[in-house]
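Here the structure comes first, spelled out in structure tokens, and everything after it is commentary.
Residue numbers begin at 1 in each chain, while the letters A, B, ... track the order of the sequences.
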Amino acid sequence: MSKIACSDSRYTYYREIRNGSLQTIDVHEIIVARSNGRIIFLCASILLLLLHVSNLAYLMNQESQVIYIVGALLLSILVIISSQLRVVQKERVVIMPAFGVQLETYYWSGRVSRRLLSVGKILRPVLNEIVTPVRCYWSLALVLDGHEELMPVFQESQPPVKMLAPIWKALCAATGGEE
Amino acid sequence: MAEKTAPARAVAERKRHTILMVSDFFYPNFGGVESHIYCLSQCLISLGHKVVIMTHSYGNRSGVRYMSNGLKVYYIPWRPFFLQNTLPTFYLTLPIMRNIFIRERISVVHGHQAFSTLCHEAIMHARTMGYNVVFTDHSLYGFADIGSIHMNKVLQFTVADVNHAICVSHTSKENTVLRSGLPPEKVFVIPNAVDAAMFNPAPKRLNCDEIVIVVISRLVYRKGADLLVEVIPEVCNLFPNVRFIIGGDGPKRLRLEEMREKHSLQDRVSMLGAVPHAQVRSVLISGHIFLNSSLTEAFCIAILEAACCGLLTVSTRVGGVPEVLPDDMVVLAEPVPSDMVLAIKKAIDRLPSIDPHAMHLRIKNLYSWHDVARRTEIVYDRGRRCSDENLLQRLSRYLNCGAWAGKLFCIVMIIDFLFWQFLQWWQPSEEIEVVPDLMRAGCRRGGTMPGGNVEKGRAQSDSLG
């Protein structure tokens, strides 16, 4: 069993090779650092909303004030909860050469999303450059047999290419493709 | 130790540039500007430089694409909103442009065409970030109408701070200098060229019993389609052995078809519709004379292509057209029907003395994209020698743009500078990953002619895999 790690301000990359009795399992893990700035921004926005609501509540009668403030508080709580539900804690790629590749996404809420792809279904792993209206970044994706669209390996996070490159190489080796 | 090729040695001695060509006009559109950008890029790559192109997305064509010889194209997902131009937002393109400038390690930003909003924004942002900037103007514009007045003011603002400008003819240089207020010593004249391998004459010379006049252009007002409506019936009346082939499409097509019906010229005037660029040569070599009736042209690549195919050219004497061809290859006329008919008569009389293959060889020696690339490289080298200036020094140039406009332009640039500083804090340059230069080893093929044995315009999506 061996571990290799590299990290930057947002992501930490771990690689673990487990020598099992039947085959070697290659685990690549990207841990996403929790963004305090995002939480502060969210709380500040909620606070501003509540201040605005309380200003408006002065214009209403007492009954309406209570309903209005309670409604705003409930809405704020819902927004905070729903935003936290989708925050990713880590993403993992488990490569079992003779079997397949499992893509796992762990959320801070405790939810885990898994998807298993058999080796035969993966035609080729590719490193793509994604262009959005405001930035460009690298993405690791899989070309799947019978699918027109690429499947991104990391569904939620966007790790840097220095972390994607060893994962891509490992996937190439596992699927029998050339680098 | 392996010997370097001559271009590689020369580049090592000079220094390699990483050039970003920016324009709203590129493949899959076909046109003069598009061809210019593509051919120039290919020749710069063969000289050892790295070239990246940035344009807007075309339908589903969005993201990164690779063309021949590793030419990388960014189709940024900003949709065109008017005549293939992206919506001018001033500042919203700064994040993506900054990202591309840093990740590709750009050294020179080269904008094309005054009518391209993406080009203007790229020049503005590049100067804010301190990059060398070159601007190429491909067209002539007026001074009197409201559209031209606004366009010229925008151009004045954009090019106030560029390192150098390139124009495709001396007439175009005069026009650009007057419109933009650029000092003439900053403007270079580098004409367009033609791909002689792609445009060559027919192996066998055509019979002169029936004379075929070819017209290939967009059928719009500024290309003189209305002149054709007057000229064609007159010529058909005077010369019974002349027929016309008209390739191209546009709003004036209907007028030409009406003219054909009115004078019963269906058997003497063939209308082909839009001709794909790959088939232009096959249409040209079916004729003896090429007719150009443009009302304004900065250069006119079309007559160059026609001459390269061995056709004698009849053209209106407008803009930069007189600078393109030697006098024995072209008959010039004023843009009035009577003068054009006389010019066609002169051309018909001159036909027996024309040797298409000799004409092709002369054009091949006169115009070459490799020569254009070498001259453009000199402009880039000059730009590198320009000193770095801070914001205050550069703002003084914008103040010269006008009493009120100057101050407004300064405010725009100051806001751009502040936005850039914000982006430097929000996403430092160190966090933007530099793209590895993977194509360099594979793309140096020692002078591959663009469009010769390479399928011009074939874009292929490629990933590192």
Side-chain angles (χ1 to χ4, degrees), chain A residues 6-11 13 30 32-33 35 37-38 40-41 101 122-145 147-153 157-179, chain B residues 20 52-58 60-66 72-80 86-87 89 91-106 118 121 125 419 422-423 425-439 460-465:
Chain A
C6 74
S7 67
D8 65 10
S9 56
R10 254 201 104 196
Y11 301 99
Y13 165 59
I30 302 276
V32 184
S35 172
R38 184 192 156 119
I40 293 169
F41 175 76
V101 173
I122 301 171
L123 291 174
R124 198 167 185 87
V126 292
L127 280 170
N128 263 341
E129 291 178 87
I130 308 290
V131 182
T132 70
V134 290
R135 59 184 282 247
C136 300
Y137 59 93
W138 289 92
S139 163
L140 179 59
L142 299 171
V143 182
L144 299 177
D145 188 16
H147 285 71
E148 276 184 12
E149 296 203 354
L150 300 176
M151 156 155 290
V153 170
S157 54
Q158 295 162 8
V161 74
K162 65 180 178 187
M163 296 179 190
L164 295 177
I167 306 173
W168 169 68
K169 285 181 186 172
L171 283 166
C172 285
T175 55
E178 289 173 8
E179 292 181 15
Chain B
L20 179 70
V52 179
I53 294 175
M54 179 163 66
T55 184
H56 63 75
S57 60
Y58 289 83
N60 286 339
R61 186 181 290 275
S62 176
V64 173
R65 297 285 189 274
Y66 288 89
K72 187 173 182 179
V73 186
Y74 281 88
Y75 289 94
I76 59 171
W78 286 86
R79 289 297 169 108
T86 44
L87 181 70
T89 58
Y91 305 115
L92 294 186
T93 49
L94 178 55
I96 182 68
M97 287 189 182
R98 172 177 172 262
N99 213 291
I100 291 173
F101 292 166
I102 293 171
R103 73 199 309 268
E104 297 289 346
R105 286 179 293 184
I106 298 297
L118 196 68
E121 292 194 12
H125 299 319
F419 188 24
F422 168 75
L423 287 174
W425 167 78
W426 180 261
Q427 189 185 27
S429 309
E430 297 76 35
E431 286 185 15
I432 298 174
E433 293 173 297
V434 169
V435 172
D437 201 358
L438 297 171
M439 294 293 175
Q460 48 201 6
S461 172
D462 199 1
S463 304
L464 290 171

Could you look at L94(B) and say if it's the side chain, the backbone, both or neither that has a heavy atom under 4.5 Å from chain A? neither
Please report the closest heavy-atom contact between I96(B) and C136(A), naming both atoms and the distance. CD1-SG, 3.7 Å
Please report the closest heavy-atom contact between Y74(B) and E129(A), naming both atoms and the distance. OH-OE1, 3.6 Å
If you compare all heavy atoms of P436(B) against all heavy atoms of W138(A), which two are closest, and at what distance to 0.1 Å? CD-CZ2, 4.0 Å
Closest heavy-atom contact between K162(A) and E433(B)? N-OE2, 3.7 Å
Cut-off 4.5 Å, heavy atoms of chain B, and the answer for S9(A) is side chain
